[in-house]
2 protein chains.
Amino acid sequence: MALEHAILVALQEKSGSGYELARRFDRSIGYFWAASHQQIYRTLKRMVELGWVDVQAVVQQGRPDKKVYRVSDAGRAELRRWLAEPDGPAAVRNDLAVKVRGASMGDVRDVMEQVARHRDRHAERLDEYRAIEQRDFPDAGRLTGQRLHQYLVLRAGIRSEQCAVEWCDEVLEAMRRDEEGSRG
Amino acid sequence: MALEHAILVALQEKSGSGYELARRFDRSIGYFWAASHQQIYRTLKRMVELGWVDVQAVVQQGRPDKKVYRVSDAGRAELRRWLAEPDGPAAVRNDLAVKVRGASMGDVRDVMEQVARHRDRHAERLDEYRAIEQRDFPDAGRLTGQRLHQYLVLRAGIRSEQCAVEWCDEVLEAMRRDEEGSRG
DNA sequence: CGGCCGTATGCAACATGTTGCACTGCGACG
DNA sequence: CGTCGCAGTGCAACATGTTGCATACGGCCG
């Protein structure tokens with residue numbers, strides 16, 4: 001539905017090969033859009049057919065050859081069209097919440113362990129994002145244009161990780177209290 | 001990957017037909033797991049084949065007949081197994097963030113409009129969730145077991161909607177400032 | 001009486017995402 | 001000298017999710 005568009009945005013920021021794009025999707029772009037290298041190669045192929053990107057084979061020495069992709073005029077037009085198009089609410093799918101809701105149908109401690117694990121993972125991510133914020137955007141507040149937009153997306157990552165950590169803490173605290181209450 | 005498990009949790013709370021389940025997925029369960037009636041019917045069929053649920057045809061008068069599904073012993077075992085199984089980090093896919101990141105590649109105002117629309121949608125949801133919280137859980141803090149777990153999942157909904165609203169506000173404010181700065 | 005809404009189930013085709021594998025060549029580590 | 005990791009591309013099979021349609025009955029509204 002929108003991987004094409006995520007790729008258009010990424011390539012418009014900087015042209016590159018499928019491999020390089022895949023690595024960017026594991027990092028900066030990855031904190032708001034996940035995609036495997038398989039998906040990316042397949043989608044790039046389709047985008048060439050659609051005429052949204054141009055390819056250029058690049059011969060390299062000491063490394064395998066590569067294909068560099070660039071957004072075409074048609075691609076830029078499609079990107080503008082998509083940016084203006086309103087989209088419906090995003091579908092929510094939260095595995096951990098399903099587990100919490102079903103906790104008493106199995107071993108509650110197993111679920112608590114996983115909530116704790118998720119909490120730590122989110123806390124780690126939060127630290128990474130905060131480090132990026134301080135390193136790359138020390139001048140936040142005076143940002144404009146594309147740099148500002150990049151910063152705002154990072155802010156989404158920070159907020160959602162923080163939100164996740166806080167919820168996990170709330171869950172753990174409540175479940176521990178409940179556990180003690182039923183024991184004592 | 002986990003729709004089966006979401007259905008097991010839902011059916012374990014209360015047995016019912018595919019249709020009824022679909023409506024529950026549009027409401028209470030819907031705020032942490034989205035599923036269409038198609039998916040549900042198809043998955044229930046598979047779950048019968050797997051032996052995780054039992055079906056019973058129920059003849060009705062004045063209405064079409066229905067099939068009532070109940071979790072079997074095998075289903076309960078599978079549910080316990082899944083609850084104990086650790087799962088990897090959930091894949092993030094945030095359309096709106098992609099649009100914000102690409103805002104300057106099209107008309108920035110178009111993107112702002114959509115951020116505003118999303119903001120309002122999230123704010124509405126937040127109000128709904130808060131209403132449910134006050135109506136159904138006025139005694140929060142003294143909850144235990146399954147009721148507590150239901151409440152905690154509602155809390156996830158409240159937190160994430162709040163988080164979304166706040167981020168949208170941050171984006172809108174920053175983009176408005178940027179707009180004025182480039183004009184004046 | 002004709003059309004729409006709600007209850008109730010389902011197929012078929014398509015779009016999207018996941019998993020496992022295949023192949024190349026270089027440089028680093030042991 | 002083997003094998004591990006990185007750079008680089010890709011297919012095939014499968015799992016999952018979306019969209020459009022089909023069918024059936026009863027009640028309500030105009």
Side-chain angles (χ1 to χ4, degrees), chain A residues 1-8 11 15-27 29-30 32-50 52-53 55-69 82 87-95 98, chain B residues 1-8 15-27 29-30 32-50 53 55-69 82 87-95 98:
Chain A
M1 200 156 58
L3 176 57
E4 284 99 332
H5 301 107
I7 290 179
L8 284 175
L11 281 182
S15 301
S17 67
Y19 183 85
E20 201 227 314
L21 224 40
R23 273 187 315 162
R24 276 200 262 161
F25 268 81
D26 283 341
R27 325 176 105 261
I29 303 172
F32 58 95
W33 199 276
S36 65
H37 81 273
Q38 281 310 326
Q39 256 180 290
I40 290 166
Y41 282 125
R42 196 212 281 160
T43 304
L44 280 170
K45 198 184 167 187
R46 206 183 333 132
M47 288 169 79
V48 172
E49 282 162 25
L50 288 165
W52 294 356
V53 292
V55 215
Q56 200 190 339
V58 173
V59 182
Q60 298 186 117
Q61 57 239 47
R63 298 178 167 199
D65 298 350
K66 66 179 178 179
K67 294 180 182 177
V68 173
Y69 294 87
W82 174 75
D87 39 30
V92 185
R93 250 161 219 138
N94 188 340
D95 281 71
V98 179
Chain B
M1 198 156 59
L3 177 57
E4 283 98 330
H5 300 107
I7 290 178
L8 284 175
S15 300
S17 66
Y19 183 84
E20 201 227 315
L21 224 40
R23 273 187 315 163
R24 276 201 263 162
F25 269 81
D26 283 340
R27 326 178 103 260
I29 303 171
F32 58 95
W33 200 276
S36 65
H37 82 272
Q38 281 311 325
Q39 256 180 291
I40 290 167
Y41 282 125
R42 196 212 279 160
T43 305
L44 280 170
K45 197 183 167 189
R46 204 180 338 131
M47 289 169 78
V48 172
E49 283 161 24
L50 287 165
V53 292
V55 214
Q56 200 189 339
V58 174
V59 181
Q60 298 186 114
Q61 58 240 46
R63 298 179 168 201
D65 299 349
K66 64 178 178 179
K67 294 180 181 177
V68 172
Y69 294 87
W82 174 75
D87 39 30
V92 184
R93 249 159 221 142
N94 189 340
D95 280 70
V98 179

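Lettering follows sequence order; numbering is per chain, from 1. Values below: all heavy atoms of this structure, side chains included; hydrogens, waters and symmetry mates excluded.
- Of all non-hydrogen atoms in B/Ala35 and B/Leu3, the two that sit nearest each other are CB-CD1, 3.8 Å.
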What are the atom names and distances for every N/O pair under 3.5 Å that joins the protein to nucleotides 11-13 of chain C?
from   : atom 1 : to      : atom 2 : distance (Å)
C/dC11 : OP1    : B/Lys45 : NZ     : 3.2
C/dC11 : N4     : B/Gln38 : OE1    : 2.2
C/dC11 : N4     : B/Gln38 : NE2    : 2.6

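- Distance CZ (A/Phe25) to P (C/dT16): 14 Å, rounded to an integer number of Å.
- Remark on DNA chain C: of its neighbouring residues A/Arg46 and A/Ser36, the 5'-side contact belongs to A/Arg46, judged by nearest-heavy-atom nucleotide.
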Heavy-atom protein contacts under 4.0 Å, nucleotides 2-8 of chain C, coded B base, S sugar-phosphate only, - none: -----BB
Derivation and outcome, side chain to side chain contact (heavy atoms under 4.5 Å, CB included), residues A/Leu44 and A/Leu21: CA-CA 10 Å; A/Leu44 280 170; A/Leu21 224 40; 4.2 Å; yes
Trace of the side chain to side chain contact (heavy atoms under 4.5 Å, CB included) decision for A/Lys66 with A/Tyr19: CA-CA 9 Å; A/Lys66 66 179 178 179; A/Tyr19 183 85; over 6 Å; no
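- Atoms CD (B/Gln39) and P (C/dA15) sit 17 Å apart, rounded to a whole Å.
- Rounded to a whole Å, the CD1 atom of A/Ile7 is 10 Å from the P atom of C/dG17.
- In this structure, B/Arg93 places its CZ atom 12 Å from C1' of D/dG17, rounding to the nearest Å.
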Audit row: B/Glu20, B/Val68, side chain to side chain contact (heavy atoms under 4.5 Å, CB included) steps and yes/no: CA-CA 9 Å; B/Glu20 201 227 315; B/Val68 172; over 6 Å; no
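- The distance between atom CD1 of B/Ile40 and atom C1' of D/dT18, rounded to the nearest whole Å, is 14 Å.
- Closest heavy-atom contact between A/Ala34 and B/Arg93: O-NH2, 3.1 Å.
- Shown here for B/Gln60 and B/Asp65, the closest heavy-atom pair between the two residues is N-OD1, 3.2 Å.
- The nearest whole Å value for the distance from the CD atom in A/Gln61 to the C1' atom in D/dA7 is 15 Å.
- In this structure B/Gln56 satisfies the side-chain hydrogen bond (donor to acceptor under 3.5 Å, both in side chains) test together with B/Arg70, sequence neighbours excluded.
- Closest approach of B/Trp33 to B/Phe25, counting heavy atoms only: O-CD2, 3.5 Å.
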